[in-house]
Amino acid sequence: MDTFYISHGSPTLSIDESLPARHFLKSWKSKVMGQRPTSILVISGHWETHEPTVNVVPRNDTIYDFYGFPKPMYELKYPAPGAPELAKRVKELLMASHFKCVNEDKERGLDHGAWVPLMLMYPEADIPVCQLSVQTNRDGSYHYNMGRALAPLREEGVLIFGSGSATHNLRTLNLNSNSESVVPWAYEYEDVNHYEEKAPHARKAHPRPDHFYPLHVAMGAAGKDAKAKLIHHSWGFGTLSYASYQFTTTAS
């Protein structure tokens, strides 16, 4: 299994047919990955905890962790089965790789960073899904190493994807901007492990790292010799990137 980083952008991705990213995700099985995963592990920027945490539930509730959006969005459901066995495996792998504390949440369902892309990628909601949290009190290398620990899951048929946004500064959004009107600093931003020091406009692109760390986990899980491929890129509101990446491990 390859690993992926998906920019889920605005929650309106769930209903807005004008968004190119929506059509990209709807073509997932036909154009990106035809192989059906045994289960799915999502690392979402919308679940922050002090220590790594997995949700261990029989069936995932749909969490509406957004406010002030059109009513139909709050009526959407993605009742995917939980993946308790995968959650236990994630915990086992992390603890074997010196992550000393890994918690279990036995109530939490899927936040919109998980269910919005999944409802487009796998609309049948019949594949078991587990979520893993991010720790914004740590750095990019920590999350890269988290991904390294989870690499064996790829050989077990698990689809690992990080869900965030390649740029995520809600204060800079221009709601009247069209998809072609992108501000220069957003174009110039780069994705790197130590992005705070090396990337131009790092703090402007990500005032907080919550939507960026899922990328590091996906990269780490793919392995140090993985090749990155940009599989989709579009923009929303002038500064919100929908860039999505595929990480493929090449044979040594």
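Below, each value reflects all heavy atoms present in this structure, side chains not excepted, and no hydrogens, waters or symmetry copies. Bear in mind the structure is a predicted one, so any value in this text is a computation, not a measurement.
Arg108 contributes atom CZ, which lies 9.0 Å from atom OG1 of Thr49 (distance to the nearest 0.5 angstrom). Within the model, atoms NE2 of His112 and OG of Ser10 stand 7.5 Å from one another, a figure rounded to the nearest 0.5 Å. Note that CG of Leu153 is 9.5 Å distant from SG of Cys130, once rounded to the nearest 0.5 Å. Taking CD1 from Ile40 and CG from Leu86, the interatomic distance works out to 10.0 Å, rounded to the nearest 0.5 Å. Rounding to the nearest 0.5 Å gives a distance of 6.0 Å between CG of Leu19 and CG of Leu13. If you take CG on Leu110 and OG on Ser44, they are separated by 9.0 Å, rounding to the nearest 0.5 Å.
No chain of hydrophobic side-chain contacts below 4.5 Å, direct or via other Ile, Leu, Val, Met, Phe, Trp or Tyr residues, connects Phe4 to Trp47. Put simply, Val32 and Val116 are part of the same group of oily side chains (I, L, V, M, F, W, Y) that touch within less than 4.5 Å, one to the next. One hydrophobic cluster holds both Ile43 and Val56 under the rule that ILVMFWY side chains link at heavy-atom gaps under 4.5 Å. Linking ILVMFWY side-chain heavy atoms closer than 4.5 Å, directly or via other members, places Trp115 and Ile127 in a single hydrophobic cluster. Both Tyr5 and Tyr144 are assigned to one and the same hydrophobic cluster, defined by single-linkage of ILVMFWY side chains at heavy-atom distances under 4.5 Å.
The shortest distance between side-chain heavy atoms of Leu132 and Leu150 falls below 4.5 Å. Using a 4.5 Å heavy-atom threshold, the side chains of His23 and Glu17 count as touching. His232 places a side-chain heavy atom less than 4.5 Å from the side chain of Tyr242. The side-chain heavy atoms of Ile160 and Arg154, taken from C-beta on, include a pair separated by under 4.5 Å. Inter-residue side-chain proximity for His50 and Gln135 is flagged as unmet; no heavy-atom pair is nearer than 4.5 Å. Looking at heavy atoms from C-beta onward, Lys26 lies out of side-chain contact with Met119 at the 4.5 angstrom threshold. Side-chain contact check for Val158 versus Met1: every heavy-atom pair is 4.5 Å or farther apart. Side chains of Thr248 and Lys229 form no contact here, defined as non-hydrogen atoms less than 4.5 Å apart.
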Begin from the C-alpha positions of Asp2 and Gln246 and carry the test side-chain hydrogen bond (donor to acceptor under 3.5 Å, both in side chains) through to its verdict. CA-CA 7 Å; Asp2 290 346; Gln246 178 174 5; 2.7 Å; yes

Go through Tyr245 and Phe247 one step at a time and tell me if the side-chain contact (heavy atoms from CB on, under 4.5 Å) criterion holds. CA-CA 7 Å; Tyr245 296 88; Phe247 301 98; 3.9 Å; yes

Step by step, work out the side-chain contact (heavy atoms from CB on, under 4.5 Å) result for Phe69 and Ile15. CA-CA 11 Å; Phe69 286 90; Ile15 61 170; over 6 Å; no

Under the side-chain contact (heavy atoms from CB on, under 4.5 Å) criterion, do Thr53 and Val102 qualify, and how do the steps go? CA-CA 6 Å; Thr53 306; Val102 181; over 6 Å; no

Verdict with reasoning, Ser133 to Glu48, per side-chain hydrogen bond (donor to acceptor under 3.5 Å, both in side chains): CA-CA 5 Å; Ser133 64; Glu48 302 176 44; over 6 Å; no

Working note: Arg36 + Asp126, criterion side-chain contact (heavy atoms from CB on, under 4.5 Å); need CA distance, chi angles, decisive distance, verdict. CA-CA 11 Å; Arg36 178 184 170 91; Asp126 59 353; 3.5 Å; yes

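For Pro81 against Ala125, the heavy-atom pair with the smallest separation is CD-O, 3.4 Å. Nearest heavy-atom pair across Tyr74 and Phe66 is OH-O, 3.1 Å. Nearest heavy atom pair, residue Arg22 against residue Leu120, reads NH1-CD2, 3.4 Å. When all heavy atoms of Cys101 and Pro52 are compared, the closest pair comes out as O-CD, 3.4 Å. In terms of heavy atoms, Ile6 sits closest to Pro117 at CG2-CB, 4.4 Å. Across all their heavy atoms, Ala218 and Gly162 have their closest contact at CB-N, 4.2 Å.
Look at Glu92 and Arg89 and you find a salt bridge, because one of the NZ, NE, NH1 or NH2 atoms lies within 4.0 Å of a carboxylate O, short of that distance. Using a 4.0 Å cut-off between a side-chain N of Lys or Arg and a carboxylate O of Asp or Glu, Lys77 and Asp61 do not qualify as a salt bridge.
Thr38 and Glu156 share no donor-acceptor pair across their side chains, judged by distance under 3.5 Å alone. A donor-acceptor contact closer than 3.5 angstrom is absent between the side chains of Asn103 and Glu51. Side-chain contact check for Ser18 and Asp16: at least one donor-acceptor pair (N or O, by modelled atom type) lies under 3.5 Å.
By the neighbour-count criterion of 12 heavy atoms within 6.0 Å, atom NZ of Lys29 is densely surrounded, having more than that number from other residues, nucleotides or ligands. Surrounding CD of Glu124 are more than 12 heavy atoms belonging to other residues, nucleotides or ligands, all under 6.0 Å away.
Checked by atom type and distance alone, the side chain of Asn60 pairs as donor or acceptor with a backbone atom of Val129 at under 3.5 Å. Put simply, the side chain of Asn55 never gets that close to the backbone of Asp105: no donor and acceptor are under 3.5 Å apart. A donor-acceptor pair is defined here as one N or O able to donate and one able to accept, closer than 3.5 Å; no such pair exists between the side chain of Arg148 and the backbone of Gly223. A donor-acceptor contact shorter than 3.5 Å is absent between the side chain of Ser39 and the backbone of Ala83. Remark: side-chain polar atoms of Tyr122 are not paired, donor with acceptor, to backbone N or O of Trp28 under 3.5 angstrom. At distances below 3.5 Å, not a single donor-acceptor pair connects side-chain atoms of Ser7 with backbone N or O atoms of Ser244. Remark: the backbone N or O of Pro79 is paired with a side-chain donor or acceptor of Arg59 at under 3.5 angstrom. Not a single donor-acceptor pair under 3.5 Å links the side chain of His8 to the backbone N or O of Ala114. Not one N or O on the side chain of Ser97 forms a donor-acceptor pair closer than 3.5 Å with the backbone of Leu94.
Legend: residues meeting ring pair (Phe, Tyr, Trp, His ring centres under 6.0 Å) with His143, ordered by chain and number and at least two apart, are Tyr213. Not a single ring pair (Phe, Tyr, Trp, His ring centres under 6.0 Å) links Tyr78 to another residue, sequence neighbours left out.
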